[in-house]
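One is the number of the first residue; the rest follow in order along the sequence.
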Amino acid sequence: MIQKDLTQTLSRAFLDFSAYNIQRRAIPDSRDGLKWGARQLIYSQAREKLTHDKPMKKAQKTVAAAMSFCYTHGDAGAYSTLIRMAKPFVYTVPLQEVQGNYGTQMNVKDHSSMRYVEMRGSYAASQLLQDIGKETITEWEDTYDLEGKFPKVLPAKGFYPIVNGCIAIGSGMSSSIPPLNLTEMNKAIIALINDPNAPDDDIVCYPDFPTGGVILNKDSLKETMLNGHGKACIIQSVIEYNAKENSFIVKELPYATYTNTISAELTKLLNDKAYEDCGIKGFTDYSGERVDYHIHLTPKANKEKVLQLLYEKTSLRSFFSINITMLDNGVVPKRFTLREMFLSYINHQRVVYRRGFEYDKRKALHRIMILDGYLIVAARIEDAISLIKGSKDKSEAKTALMAAFNLNEEQADAVLKLTLSRIASMELDKFIKERESLLDLVKELDGILGDEKKIDERIIADIRAFESTHKKSRRTVLTNVEKNITVEKMVYFDKTGHCTFKDEGDSIIILPPQQLYACVTRKGKLYRATRVPKRASQLFKIKEDDEIVSIFPMSEGFLSYKDDEDNFECVPFSVQGKPTTNLSLKNITKVCLTQDKISIADFECF
């Protein structure tokens, strides 16, 4: 009997399991941006020629190919991963092509069963495997039955699949990398290829979700993306108001949010007695691949208040945490900066391309050697034919050729693989031209292998070639409207994210959309805004003998004032010289929501 401490045994066992789970399942490799399982599926599919240039086959064939070769996590897990790769509202660049129902934005699992769906790898998936047969990858893993091998990393020539993002949960750590815009990512990668110390502004990439939406915190997100962690991305839906049917129409959702989630949240809200008069009458979901979700309002509903309620109580405003944790060289988990992540891919590409060119050179030199043997034999073709005919067997003919023509073993084997009729008709000029062409290729390859810049040029050329066939404009709008604005200027954005308005006095009011506002006048009155207007004079219905001195976003603890440049900036709230550090924001908000006009006496100080 072996006696062991249970605590230490369990601790060691968990650490072993945790390391295995992190390396072999959960966390993506920084070199090709893929998890272990996704890599297995893509490679297994390609082995069975279920690729973009071949006919569609049932998804079961891909699942079976992976399960019978190297995939160990079950058929349900395999199909779930594969069908997710096909969804254009999940992947920026889908890795699967599907004929059939691959799901909608209504429910994360409303795709058809694998027996009803036809599937094959996309062109992008084939790009990940390009030149894998040229010994570009040296790290291979045995299959579970030890009858084959699969790659631990893919070449990923010209295409870094981290553009699709990655959400991973391992034992003791996780990774959360947002989808990016392919053009913006490639621009950053090319900048780093040319200069590893390129300025941050040249390499920063902001999330670009396939589902669109509006990012509210671009500025703070810059530091987060560059560092690989930090403040979460605040993502908000795109909502339009339909006056004819008096409803809000949701056109775009935050990433990884589905309309069935919104429906459940609205149902809970409508069943809550505290929100009986919230202004929402019901909802209808017409969504498919694209979102078309209608929220019906009551006749007297305050649209601004309802919209703010929707953003606060439902997933129409959501968050995407950012944590660029990946495997360094496929082994050690590490939190990468954006620069480090891109440089890891670049270094991998340089190794892959170099190995590919070295392989081409080896093949060319080998072919030249074979051609040299052909040329020697072709010069004395009659002697060669006579020698072969006079030999008892292949082994004797091989030995005789090597002795008579000073050939090596490979050259003699190559000659003997030809039929006598082909040997008799050997064309000397044809061999000479092929040899000269191969010598030129070897010279070109030597020039590339001897100059790192030329290798980089090939990498850049392939990146741009792939981008030219998969280029898409940015889907997610970038703004700087954060919920907790402090001393930064607020900016009013329209749907495109780039719009301000001026009033007749050339004062600029720059406000975030879809928020409730109040203003303080010189006489100490506070008014509530019923909508976000275009001009200062239309913000609030104040009396002619009064004027606005501050603008108050009601969800914030700050007011705005008119500075020397006629800009409204956020400053701590004050009214007629009275400090407001003791003001209760909750009480202010409550009053503003119930009255159109209040006096300074209504502010509760303590």
Does [X] reach the main-chain N or O of [Y] with its side chain, forming a donor-acceptor pair under 3.5 Å?
| X | Y | result |
| --- | --- | --- |
| T143 | G148 | yes |
| N480 | D219 | yes |
| D195 | N197 | yes |
| N181 | K472 | yes |
| S237 | I239 | no |
| Y255 | V90 | yes |
| D208 | R475 | yes |
| S287 | D292 | yes |

Among side-chain atoms of [X] and [Y], is any donor-acceptor pair under 3.5 angstrom?
| X | Y | answer |
| --- | --- | --- |
| D462 | Y353 | yes |
| Y206 | T476 | no |
| R115 | S113 | yes |
| D285 | T259 | yes |

May I ask you to test the [X]-[Y] pair for a side-chain heavy-atom distance under 4.5 Å?
| X | Y | result |
| --- | --- | --- |
| P333 | L327 | yes |
| I193 | Q349 | no |
| L128 | D32 | no |
| Q96 | Y102 | no |

Would you please name every residue forming a salt bridge (charged side-chain N to carboxylate O under 4.0 Å, His left out) with E467, sequence neighbours left out?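 Here no residue qualifies.
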Cation-pi check, K334 to F336: give yes when NZ or CZ is under 6.0 Å from the six-membered ring centre and within 45° of the ring axis, no otherwise.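 Yes.
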Can you give me the closest heavy-atom contact between [X] and [Y], atom names plus distance?
| X | Y | result |
| --- | --- | --- |
| R120 | T51 | CD-O, 3.4 Å |
| S315 | T261 | OG-CG2, 4.0 Å |
| L154 | H348 | O-NE2, 2.9 Å |
| I215 | T479 | O-OG1, 2.6 Å |
| A168 | A26 | CB-O, 2.9 Å |
| E358 | L449 | CG-CD2, 3.8 Å |

Which class fits the ring pair [X] and [Y]: parallel under 30°, tilted 30 to 60°, perpendicular over 60°?
| X | Y | result |
| --- | --- | --- |
| H52 | Y123 | perpendicular |
| F466 | F159 | parallel |
| F89 | Y258 | perpendicular |

Would you confirm whether the ring centroid of Y43 sits within less than 6.0 angstrom of the ring centroid of F150? no
E139/R31 ion pair, N-O < 4.0 Å: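 Looking at R31 together with E139, the answer is yes, because their closest N to O distance falls below 4.0 Å.
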D360 and its salt bridge (charged side-chain N to carboxylate O under 4.0 Å, His left out) partner, picked from R367, R354, K134: K134
